[in-house]
K.L.:
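Supplied in structure tokens, the structure appears directly below.
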Amino acid sequence: MERALQQAHAAAQRGEVPVGAVIVGPDGAILAEAGNRTEGDRDPTAHAELLAIRAAAAKLGAPRLVACDLYVTLEPCPMCAQAISFARIRRLYYGASDPKGGGVEHGPRIFSQPTCHHRPEVYSGIAEQEAGDLLRGFFKERR
């Protein structure tokens, strides 16, 4: 999670919402890491999770990341949760909850839907305080 937090801090430095993600392979090696780039890329889908999934899939040369784990600083939104399912991520570890925009334990609860193809193991609250403080500080500065 420390690497994901580093990516979140880097995203904040670029003026992006501070969310970072890291994908770890079956052997424990980092396959990909990313921070949000929606503003910089002018792409509403350039969330940290999607960027990391794309990079890890390209590195492995496969559309599915079976036996890979995703660490992300904020509860994934519904779009990212669906991508996590499609990628067949084994475990999802996330920091801060997102009652307004989350898609895992809030909102549509993507992994609980009968139409969900794959349900990763989910572990929430990892470095929750630091991830939440980073997000709150970012938005406080902009208000």
K.L.:
Are any of the side-chain heavy atoms of T45 and R54 separated by less than 4.5 Å?
P.N.:
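When only atoms from C-beta onward are counted, R54 and T45 do touch, with a gap below 4.5 Å.
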K.L.:
Could you see if V22 belongs to whatever hydrophobic cluster contains M1? Use Ile, Leu, Val, Met, Phe, Trp, Tyr and a side-chain cutoff under 4.5 Å.
P.N.:
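In one cluster: yes.
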K.L.:
Tell me whether L70 shares a hydrophobic cluster with I126, the cluster being built from Ile, Leu, Val, Met, Phe, Trp, Tyr side chains joined at under 4.5 Å.
P.N.:
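Looking at the clustering, I126 is in a separate group from L70.
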K.L.:
Answer with yes or no whether the hydrophobic clustering places L60 together with L51; edges join I, L, V, M, F, W, Y residues whose side-chain heavy atoms lie under 4.5 Å apart.
P.N.:
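No: no chain of side-chain contacts under 4.5 Å links L60 to L51.
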K.L.:
For E105 and Y94, does a side-chain donor sit closer than 3.5 Å to a side-chain acceptor?
P.N.:
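Indeed, the side chains of E105 and Y94 share at least one donor-acceptor pair under 3.5 Å.
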K.L.:
So, R3 side chain and Y71 main chain: donor-acceptor pair closer than 3.5 Å or not?
P.N.:
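It does not hold such a pair.
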K.L.:
Within the distance-only criterion (no hydrogens, no angle test), does the side chain of R119 pair as donor or acceptor with the backbone N or O of Q113 below 3.5 angstrom?
P.N.:
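Between the backbone of Q113 and the side chain of R119 there is a qualifying donor-acceptor contact (under 3.5 Å).
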K.L.:
Would you call V104 and F111 a side-chain contact if the rule is heavy atoms closer than 4.5 Å?
P.N.:
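They are in side-chain contact.
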K.L.:
Within this structure, what is the SG-CG distance for the pair C68 and D27, rounded to the nearest 0.5 Å?
P.N.:
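Spacing of SG (C68) from CG (D27) equals 9.0 Å.
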K.L.:
Does some side-chain heavy atom of H9 sit less than 4.5 Å from a side-chain heavy atom of E130?
P.N.:
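Result yes, sub-4.5 Å side-chain heavy-atom pair found.
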K.L.:
CD of E75 to SG of C80: how many Å apart, nearest 0.5 Å?
P.N.:
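Answer for the CD-SG pair, E75 versus C80, is 11.0 Å.
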K.L.:
Can you tell if the side chain of S97 reaches within under 4.5 Å of the side chain of H106, non-hydrogen atoms only?
P.N.:
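A side-chain contact exists here, since the closest heavy-atom pair is under 4.5 Å.
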K.L.:
Should the heavy atoms of other residues, nucleotides or ligands under 6.0 Å from CZ of R142 be counted, would the total exceed 12?
P.N.:
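Atom CZ in R142 is packed in, count exceeds 12.
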K.L.:
Work out which heavy atom in A52 is nearest to a heavy atom in A32; give both atom names and the distance.
P.N.:
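Result for this residue pair: O-CB, 3.4 Å.
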K.L.:
Tell me, do L92 and V72 make a side-chain contact under 4.5 Å, heavy atoms counted?
P.N.:
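Touching, per the 4.5 Å side-chain cut-off.
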K.L.:
Roughly how far, to the nearest 0.5 Å, is CG of L31 from NZ of K59?
P.N.:
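The distance works out to 5.5 Å.
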K.L.:
How long is the gap from CD1 on I89 to CD1 on I53, to the nearest 0.5 Å?
P.N.:
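Going from the CD1 atom of I89 to the CD1 atom of I53 covers 5.0 Å.
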K.L.:
If you measure from CZ on R14 to CZ on R37, what distance do you get to the nearest 0.5 Å?
P.N.:
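So the gap between those two atoms works out to 7.0 Å.
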K.L.:
Compare every heavy atom of G101 with every heavy atom of P78, then report the nearest pair and how far apart it is.
P.N.:
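That closest heavy-atom pairing would be CD-O, 3.4 Å.
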K.L.:
Does any non-hydrogen side-chain atom of T73 lie less than 4.5 Å from one of L134?
P.N.:
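L134 vs T73: side chains apart.
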K.L.:
Judged by atom type as modelled, is there a donor-acceptor pair below 3.5 Å linking the side chain of H118 to the main-chain atoms of A87?
P.N.:
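No; zero donor-acceptor contacts below 3.5 Å.
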K.L.:
Can you tell me how far CG of L50 sits from CD of Q82, rounded to the nearest 0.5 angstrom?
P.N.:
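It is 11.0 Å, given to the nearest 0.5 Å.
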K.L.:
Which residues pass the side chain to side chain contact (heavy atoms under 4.5 Å, CB included) test with T38, not counting sequence neighbours?
P.N.:
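T38 satisfies side chain to side chain contact (heavy atoms under 4.5 Å, CB included) with E16, A46, H47 once adjacent residues are dropped.
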K.L.:
Report the relative orientation of the aromatic rings in H117 and F86; use parallel for angles under 30°, tilted for 30 to 60°, perpendicular for over 60°.
P.N.:
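Tilted.
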K.L.:
For A48 and A34, work out which heavy atoms get closest and say how close.
P.N.:
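Reported closest heavy-atom pair: CB-O, 3.6 Å.
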K.L.:
Taking the side chain as C-beta and beyond, is there a heavy-atom pair between F138 and R136 under 4.5 Å?
P.N.:
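Sidechains of R136 and F138: no contact.
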K.L.:
For the side chain of N36 and the backbone of A11, is there at least one donor-acceptor N/O pair under 3.5 Å apart?
P.N.:
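Not confirmed, N36 side chain does not pair with A11 backbone.
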K.L.:
Can you name the closest pair of heavy atoms from V19 and E49 and give their distance?
P.N.:
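The answer is CG1-OE1, 4.3 Å.
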K.L.:
Would a 4.5 Å heavy-atom cut-off, applied to side chains only, mark R88 and L65 as touching?
P.N.:
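In short, these two side chains do not touch, never coming nearer than 4.5 Å.
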